[in-house]
Structure formats: C-alpha cells, structure tokens
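Down below is the structure, laid out as structure tokens.
Chain naming here is simple, since letters A, B, ... match the order of the sequence lines and numbering starts at 1 in each.
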2 protein chains.
Amino acid sequence: MKIEKTTKFLIVGLGLIGGSYARALKKREYPVSAIEPRQAAIDYAMDKGIIDKGYTDVDENAVGQADIIIFALYPKVFVEWIDKYQHLIRPGALITDVTGVKRSVVYEIQSKLRDDVEFIAAHPMAGREVYGVENSDDSIFRDANYIVVPTDKNTAEAIETCKDLGWTLGFEHVSVLSPEMHDEMIGFVSQLTHCIAVSLMTCSDNTHLADYTGDSFRDLTRIARINDEMWSELFMLNKDALLRQMDTFIKEFESLRDLLEKGDVDGMREKMRISTTRRAMFDKRP
Amino acid sequence: MKIEKTTKFLIVGLGLIGGSYARALKKREYPVSAIEPRQAAIDYAMDKGIIDKGYTDVDENAVGQADIIIFALYPKVFVEWIDKYQHLIRPGALITDVTGVKRSVVYEIQSKLRDDVEFIAAHPMAGREVYGVENSDDSIFRDANYIVVPTDKNTAEAIETCKDLGWTLGFEHVSVLSPEMHDEMIGFVSQLTHCIAVSLMTCSDNTHLADYTGDSFRDLTRIARINDEMWSELFMLNKDALLRQMDTFIKEFESLRDLLEKGDVDGMREKMRISTTRRAMFDKRP
C-alpha cells in the first residue's frame with residue numbers, strides 16, 4: 001500500500017500522541033477519523049478540525065473502511081483491542097502503533113493477527129509532560145526521530161509505507177531497527193534517563209532548593225514529571241534490558257564516586273574528557 | 001559602598017563569566033576595566049566595547065583605582081592572586097567573586113585579606129558549555145539565580161551592595177545563603193547532576209545511539225560537555241558534601257532498581273508520583 005491523498009487513516013486512542021498524529025495528517029489533508037472513549041476528546045478534536053469523524057465506541061464502519069490504522073494506546077490495551085476487534089479490520093489494511101517498547105508487543109500482535117492484515121511497528125520518539133488531545137501538538141515531531149521496527153514477518157512494502165508515514169508526520173529522522181535493538185536503545189536513552197530523573201527527585205526532599213536551581217537541574221529533571229501508569233508498564237515490559245542499563249550505570253557512577261573519594265583528580269578528568277568528546281557527537285546536526 | 005554611576009569596576013579574569021559581567025555592566029554604562037593575561041581576549045573585549053580598558057598584567061593603577069573588583073578566576077588562582085597582589089587594592093574597596101564552591105574559598109580569603117578591604121562572596125548560577133569572552137553573553141543571567149554568600153565577618157552594607165550587583169547584572173533571583181548551605185545545595189543541584197551526566201556518557205560507548213536520541217536524553221546530558229580542569233577542582237573543594245549527595249542518590253536509584261527487579265509496580269508508581277509532585281515545584285514561576 002502506498003500513502004495517497006485518498007488513504008483513509010483511523011487513529012485508535014486520541015491522547016497526546018494520537019492527537020498530534022491527527023493534527024499532522026489533517027494538515028496534509030488526509031481523511032482522518034478517530035476512536036476514543038472520552039467524548040470531550042472527540043468534541044475537542046472535531047471543533048479544532050483535527051479529525052473528520054470521531055467515535056466513542058469501536059464503530060464497525062470506521063474500522064472496516066480504514067486503510068491505515070494507528071494504535072496510540074498503552075501496550076496491554078493494544079493487545080486486548082486486537083483480541084476483541086481484529087475481525088472488523090478490512091483485508092489488506094495496514095496497522096501500526098506508537099508503543100514505546102517493542103519485543104513484548106510486536107511478536108504477540110503479529111502472532112495473533114489475521115494473515116490478511118499486516119502489522120508494522122513504529123515508535124515516534126516524541127512527547128510532552130502533559131496529556132490529552134487538548135495538549136497535542138505536531139511540532140513535537142519536528143526535531144524528533146521516528147523508528148520503524150519490523151520483524152521477519154513484515155513485507156518490504158509495509159516497511160516503506162511506514163517510513164513514508166514517518167516523513168509525512170514531519171519527523172526529522174526516520175530509521176529502521178529490529179525489536180531487540182530498539183528495546184536495548186530505548187532502555188538506555190529513554191528509560192534509564194527517566195529512572196535517573198525520578199531518583200534525583202525522590203532521593204531527598206529537595207523542594208526547598210527550588211529557588212536556587214539553575215537550568216542544568218531543570219533540564220535534567222524535566223522528565224521527572226512522569227505518567228506513572230504508562231511508564232511503570234513500559235519499564236516492566238522491558239525489564240531485562242532496563243536492569244542491564246541500570247546496573248551498568250550504577251557501576252560507572254560508583255567508579256566516579258570512588259575516584260573523588262580517593263582524590264584521584266587525573267582519573268576524574270579522564271572520565272570528563274571522554275564524556276565531553278562523546279557528548280559532542282550527540283549534538284543535533286545543523 | 002553603594003553602586004553609583006561612577007563606581008569603577010575591575011574584572012580579573014575575562015573568560016565566559018567575566019566577559020558576561022563586563023557586558024552587563026557596560027550596557028548599564030558603568031566604567032569597566034579588566035585584567036586578563038590573554039591579549040586576544042582583551043582585544044576582543046575592547047573591539048566590542050565591553051570594557052573601557054584592558055591589561056594583560058596586574059596593573060597597579062587599574063587595581064588601585066577600582067571601587068569594586070570582581071574575581072572571575074578558578075578558586076586556587078583566586079587565592080594565589082590575593083596572596084600576591086592584595087597590597088595594590090585601595091582601602092575601602094569591595095571585592096567579590098564568582099566561584100562555584102564557597103566554604104573552601106571564603107574563609108581562606110577573608111582570613112588573609114587586609115582589614116581595610118572587604119570580601120563578599122557571590123555565586124552567579126549561570127553558564128554555558130563554551131568558554132572565553134568570545135562566547136560571553138549576559139542574557140544567561142536573565143533566568144538565573146545570583147547567590148550572595150556572606151559570613152559573620154561581612155557588613156550589612158556589603159551584603160546589600162552585593163545583592164544590588166546581582167540585580168544590576170540582570171539576574172532573575174537574588175538570594176542569600178551561608179557558605180555551608182550554599183555548598184550543600186550546590187552539591188545537589190549542580191555537582192551531583194554533572195556527575196550523573198558524565199557517568200551516563202562514560203558507562204558505555206553509546207555514540208552509535210546518537211541517531212536515535214530524543215530531546216530528553218539531550219537535555220539530560222547537555223552538561224556532560226564539561227570543563228575537566230574546572231569541575232575536578234570544584235568537586236575536590238566540595239568533596240564531603242558531594243560524596244554525601246552521591247551516596248544518597250545511589251541508595252535511592254538502587255531501591256528503584258530493586259522494585260523493578262521484584263516487579264513491584266505499585267512501589268515504582270509511588271516513587272513516580274512523588275517525583276512528579278516534587279518536580280512541579282521546580283518549574284519556573286511565570
């Protein structure tokens with residue numbers, strides 16, 4: 001399937017990410033409908049012209065007519081939806097998702113799914129610390145990465161269509177990773193960093209320091225405002241990879257601590273130089 | 001001493017912070033001169049009109065005529081300067097600094113200094129990941145905190161003048177802390193966070209992940225580009241407070257890790273909720 005001007009998109013779950021997808025697609029004049037149990041979310045999206053039609057129930061026609069269905073749900077809710085409603089999807093439709101962990105979702109969905117529907121997983125690495133379609137904003141994709149996460153079961157065509165979707169949504173980078181590589185990467189760049197930010201906030205009652213904090217501290221802990229329901233689920237679904245990353249980090253942090261205790265200035269400076277060189281490679285390309 | 005339109009400022013050390021002080025003071029039309037061994041820095045600052053006069057050596061007249069001298073030097077260099085040149089300072093002058101640690105500097109300088117010159121310590125909590133007067137920029141003070149760090153030896157008048165200097169430089173907040181409170185606070189909000197950012201970068205060779213990182217990771221590791229000479233000195237001069245903070249953090253991070261290993265979702269969510277509530281109090285006031 002190629003994305004064309006007439007391609008009908010259905011978004012299941014109209015929250016921050018689902019809403020931002022709707023905004024980006026509607027801006028480019030694709031037909032977009034949405035299924036979302038919260039009536040106020042549908043009303044808001046209709047009012048803003050972000051969707052053409054909205055349903056608070058799983059509407060047979062809406063599902064049956066969609067060419068591409070985007071699931072913007074929590075991982076477990078997504079799996080349950082497929083169990084209950086996959087018979088409504090039209091043969092030949094493509095489905096994709098926005099889930100932040102992949103191994104635990106992709107293989108299960110693909111093994112359950114009908115043969116005449118293809119699931120190609122994707123992870124839009126963008127977000128905000130607020131929720132709901134009311135806070136949706138497709139400019140969050142502008143500097144962000146969109147990762148297509150295929151398995152052996154996926155067709156080359158679906159991989160291409162999913163990459164096209166990433167570009168269509170306005171992402172700056174689109175890349176392809178296996179579920180295993182994805183989860184290892186996300187354990188490091190996203191989950192480990194959230195664990196650190198949370199621990200910084202919980203390790204002592206530091207709110208009396210709020211008046212003295214600089215931008216470094218604010219930047220480091222921005223992600224300490226965290227959706228506990230979603231992130232605890234994501235952590236559990238990537239437990240092995242995240243535990244490995246946490247252990248690696250603890251070991252390294254303790255080694256810096258020991259250099260400080262011993263007064264080994266050269267050792268500390270060596271680590272700072274490595275850090276500085278590596279970090280430079282993470283700066284955004286102009 | 002009150003800061004008046006004719007108050008003569010001398011900045012010793014014309015790097016990023018010294019240069020940013022010069023910009024802010026010159027913008028408000030105060031007489032500003034600078035002592036800085038690097039000729040190119042003096043030339044740049046003269047060319048841009050950031051200073052009125054510059055000296056690559058410790059000029060007797062420049063020191064002798066200054067009303068307020070701002071030392072923007074590394075802590076140990078600052079102490080050495082006072083040993084060598086304090087006889088040049090005019091009686092009644094006020095001296096201040098920009099040093100990032102306080103206990104180890106303030107008491108030593110105050111015990112060494114002549115009785116007719118007053119040293120009032122201050123910490124402008126602002127910076128960039130680049131160096132030199134060529135990168136100076138007084139807009140870094142705009143959202144930042146300026147901390148006056150007096151001891152029992154300081155006069156109420158000097159404390160007021162130093163607070164005035166903070167406002168004059170354009171800081172958003174000006175506050176007063178003891179050297180002990182300052183170092184405890186800075187160990188947490190600045191030094192601990194730099195240790196974390198460095199360890200994240202050094203714990204594994206992660207540069208192949210640069211293509212996949214989102215803004216969270218970039219924000220968290222921005223400060224991993226670090227001046228190893230300066231920061232290792234600051235760490236050593238605040239070793240006891242920083243070690244305490246590192247140990248508190250390690251303990252808390254390990255407790256989150258253990259909750260994950262046990263699959264204790266409720267325990268993880270509780271920590272995330274505390275984190276979210278606390279972090280909200282660190283957001284900038286509108």
Proximity breakdown for B:E270 and chain A, heavy-atom pairs closer than 4.5 Å: neither

Heavy-atom contact with chain B under 4.5 Å, split by part of A:A144: neither

Please check this pair: side chain of A:R279 against backbone of B:T221, looking for a donor-acceptor N/O pair closer than 3.5 Å. yes

With a sphere of 6.0 Å drawn around NZ of A:K163, does it hold more than 12 non-hydrogen atoms of other residues, nucleotides or ligands? no

So, do B:L200 and A:L192 sit near enough that their side-chain heavy atoms are less than 4.5 Å apart? yes

CZ (B:R142) with more than 12 external heavy atoms under 6.0 Å: no

Check whether A:E233 gets within reach of chain B through its side chain, its backbone, both or neither, counting any heavy atom under 4.5 Å. neither

A:L177 side chain reached by B:Y212 side chain, heavy atoms, under 4.5 Å: yes

Go through the steps to decide whether A:F235 and B:M272 satisfy the test side-chain contact (heavy atoms from CB on, under 4.5 Å), and finish with yes or no. CA-CA 12 Å; A:F235 284 2; B:M272 291 177 189; 3.5 Å; yes

Chain A contact via B:S175 - side chain, backbone, both or neither, heavy atoms under 4.5 Å: side chain

Under 4.5 Å from any heavy atom of chain A, what part of B:D247 do you find: side chain, backbone, both or neither? side chain

Side chain / backbone / both / neither for B:M268 at chain A, heavy atoms under 4.5 Å: side chain

Does A:T202 reach the main-chain N or O of B:S275 with its side chain, forming a donor-acceptor pair under 3.5 Å? no

Could you give the distance from CZ (A:R257) to CD (B:Q245), rounded to the nearest 0.5 Å? 12.5 Å

A:T248 versus chain B, heavy atoms under 4.5 Å apart: side chain, backbone, both or neither? both

Heavy-atom distance under 4.5 Å to chain A: side chain of B:I147, backbone, both or neither? side chain

Which bit of A:I226 comes within less than 4.5 Å of chain B, counting heavy atoms only: side chain, backbone, both or neither? both

Interatomic distance, B:L256 atom CG to A:M246 atom CE [nearest 0.5 angstrom]: 4.5 Å

To the nearest 0.5 Å, how far apart are NZ in A:K271 and SG in B:C203? 10.0 Å

With a 4.5 Å limit on heavy-atom distance, are the side chains of A:D205 and B:R278 in contact? yes

Indicate the ring-plane relationship of A:F249 and B:F249, choosing parallel, tilted or perpendicular according to the 30° and 60° boundaries. perpendicular

